[in-house]
Amino acid sequence: MSGQNNLRTAQRGTTEAPWVRYLLTGLALVFMFLFLALPLAAVFTEALRKGLDAYWEALKEPDAWASIRLTLLTAAVAVPLNLVFGVAAAWAIAKYEFKGKSFLTTLIDLPFSVSPVVAGLIYVLVFGAQGWLGPWLSEHDIKIVFAVPGIILATVFVTFPFIARELIPLMQAQGNDEEQAAIVLGATGWQTFWRVTLPNIKWGLIYGVILCNARAMGEFGAVSVVSGHIRGQTNTMPLHVEVLYNEYQSVAAFAVASLLALLALVTLVIKSAVEWRHEREMKAIADLPPENPNARHAAEPVAVTAA
């Protein structure tokens, strides 16, 4: 009897009364509508308030195109750099024991605890005209702050924890057994990585790259400090939205903001697709029939007889 009750409880998924489940579900839906769906709908409504022609004109404006190109360029440079760093850092932390391991983990978490504005100010202090390296950079005509390199550096700083933090617990849970077996069988380090480690972490890696790319395209604080707000040169899409809004060009501001929102929605769709594929793969593995240990033993006498 108790087994039947446990089965019914498992099928229901929870022991709370139905009104509690409905109340919690309703509160969650209301919260999502008020703070997610409604603001998102307001962005697209304001962007299209004067029609499609005004919308396209706002996006075709030269400064808007420059901000779009700069945003894509920044993400295209920052994400691969963080990909290399994140995989290397996660592999070192999860697979090896060394002095300074906890310190490295703390450094990876640093951008989560430091304000992006502070991060931008750090780069100004180091690379600015009055900074530590400013005079030397000026002598050699190298521009970091108020130029594209500074924007990329600031973006890399605020986004580099995403991939590493996604991979570290995954690699720690998997352990070192498969890598050690591959090395014992004669595989090199690169062969072990490409054929053993990478297939095991591919879904976590893709998920981390998606989050890193989303943050890189939407970063505002650190980029605002180091960019100099030069229209058509150092304004990314979030900065361009701020400039337009401060100039009371609300339709143009919301048009560019709607493009950012579309990029965010595409990111969410890709993220959901990755999670769906990962769940399907895990379910397929779980549904595989268990290996029959008697099959091998049954085949051994035949082999011996044949010999």
From [X] [atom1] over to [Y] [atom2], what is the distance, rounded to the nearest 0.5 angstrom?
X      : Y      : atom1 : atom2 : answer
Ile151 : Asn235 : CD1   : CG    : 8.0 Å
Ile168 : Ile201 : CD1   : CD1   : 11.5 Å
Ile230 : Leu239 : CD1   : CG    : 11.5 Å
Leu198 : Trp190 : CG    : CH2   : 10.5 Å
Leu185 : Gln180 : CG    : CD    : 12.0 Å
Thr74  : Met237 : OG1   : CE    : 11.5 Å

Taking atom types as modelled, find out whether [X] and [Y] have a side-chain donor-acceptor pair closer than 3.5 angstrom.
X      : Y      : result
His229 : Ser224 : yes
Arg49  : Ser250 : yes
Asn82  : Thr159 : yes

Quick check: closest heavy atoms across [X] and [Y], and the distance to 0.1 Å?
X      : Y      : result
Ala182 : Val196 : CB-CG2, 3.9 Å
Ala147 : Thr234 : CA-CG2, 4.0 Å
Ala75  : Met217 : CB-CG, 3.9 Å
Arg215 : Pro116 : NH2-CG, 3.7 Å
Ala64  : Ala58  : CB-O, 3.4 Å
Val43  : Ala257 : CG1-C, 4.0 Å

Would a 4.5 Å heavy-atom cut-off, applied to side chains only, mark [X] and [Y] as touching?
X      : Y      : result
Phe193 : Glu179 : no
Thr197 : Trp91  : yes
Arg231 : Val243 : yes
Ile108 : Ile93  : yes
Val158 : Val114 : no
Phe162 : Phe112 : yes
Val225 : Val124 : yes
Asp63  : Leu244 : no

Under a 4.5 Å side-chain heavy-atom rule over Ile, Leu, Val, Met, Phe, Trp and Tyr, are [X] and [Y] clustered together?
X      : Y      : value
Ile270 : Leu211 : no
Val148 : Leu133 : yes
Leu167 : Val79  : yes
Ile144 : Leu81  : yes
Leu73  : Val256 : no

Tell me if the [atom1] atom of [X] is crowded by more than 12 foreign heavy atoms within 6.0 Å.
X      : atom1 : answer
Asp53  : CG    : no
Phe85  : CZ    : yes
Tyr248 : OH    : no

Worksheet item: Could you go step by step and tell me if Phe98 and Phe103 meet the ring-ring contact (aromatic ring centres under 6.0 Å, His included) rule?
Response: CA-CA 11 Å; Phe98 55 91; Phe103 181 66; over 10 Å; no
Looking at [Y], is its backbone amide N or carbonyl O close enough to the side chain of [X] to form a donor-acceptor pair, meaning the two atoms are under 3.5 Å apart?
X      : Y      : value
Glu219 : Ala222 : yes
Gln174 : Asn200 : yes
Glu139 : Trp136 : no
Glu247 : Gln249 : no
Lys95  : Gly175 : yes
Ser67  : Thr236 : no
Asn213 : Val209 : no

Item to complete: Report the C-alpha separation of Leu205 and Val87 in whole Å, then their side-chain angles, then the decisive distance to 0.1 Å, and conclude whether the side-chain contact (heavy atoms from CB on, under 4.5 Å) test is met.
Response: CA-CA 8 Å; Leu205 184 62; Val87 172; 3.7 Å; yes
Discussion item. Does Tyr55 form a side-chain contact (heavy atoms from CB on, under 4.5 Å) with Val251? I'd like the steps, not just the answer.
Written reply: CA-CA 7 Å; Tyr55 180 84; Val251 173; 5.9 Å; no
Discussion item. Please verify the inter-ring angle class for Phe127 with Tyr123; under 30° counts as parallel, over 60° as perpendicular, anything in between as tilted.
Written reply: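 Phe127 and Tyr123: parallel rings.
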Practice prompt. Using the six-membered ring wherever Trp is involved, compare the ring planes of Phe157 and Phe160 and label them parallel, tilted or perpendicular (cut-offs 30° and 60°).
Written response: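 Plane angle over 60°, so perpendicular.
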Practice prompt. Applying side-chain contact (heavy atoms from CB on, under 4.5 Å), run through Trp132 and Leu125 and close with a yes or a no.
Written response: CA-CA 7 Å; Trp132 297 343; Leu125 177 63; 4.0 Å; yes
Fill in: Stepwise side-chain contact (heavy atoms from CB on, under 4.5 Å) test for Leu27 and Phe31
CA-CA 6 Å; Leu27 289 175; Phe31 183 89; over 6 Å; no
Discussion item. Strictly below 4.0 Å, N to O, side chains only: are Glu97 and Lys101 in salt-bridge contact?
Written reply: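 Looking at Glu97 and Lys101, the cut-off is met.
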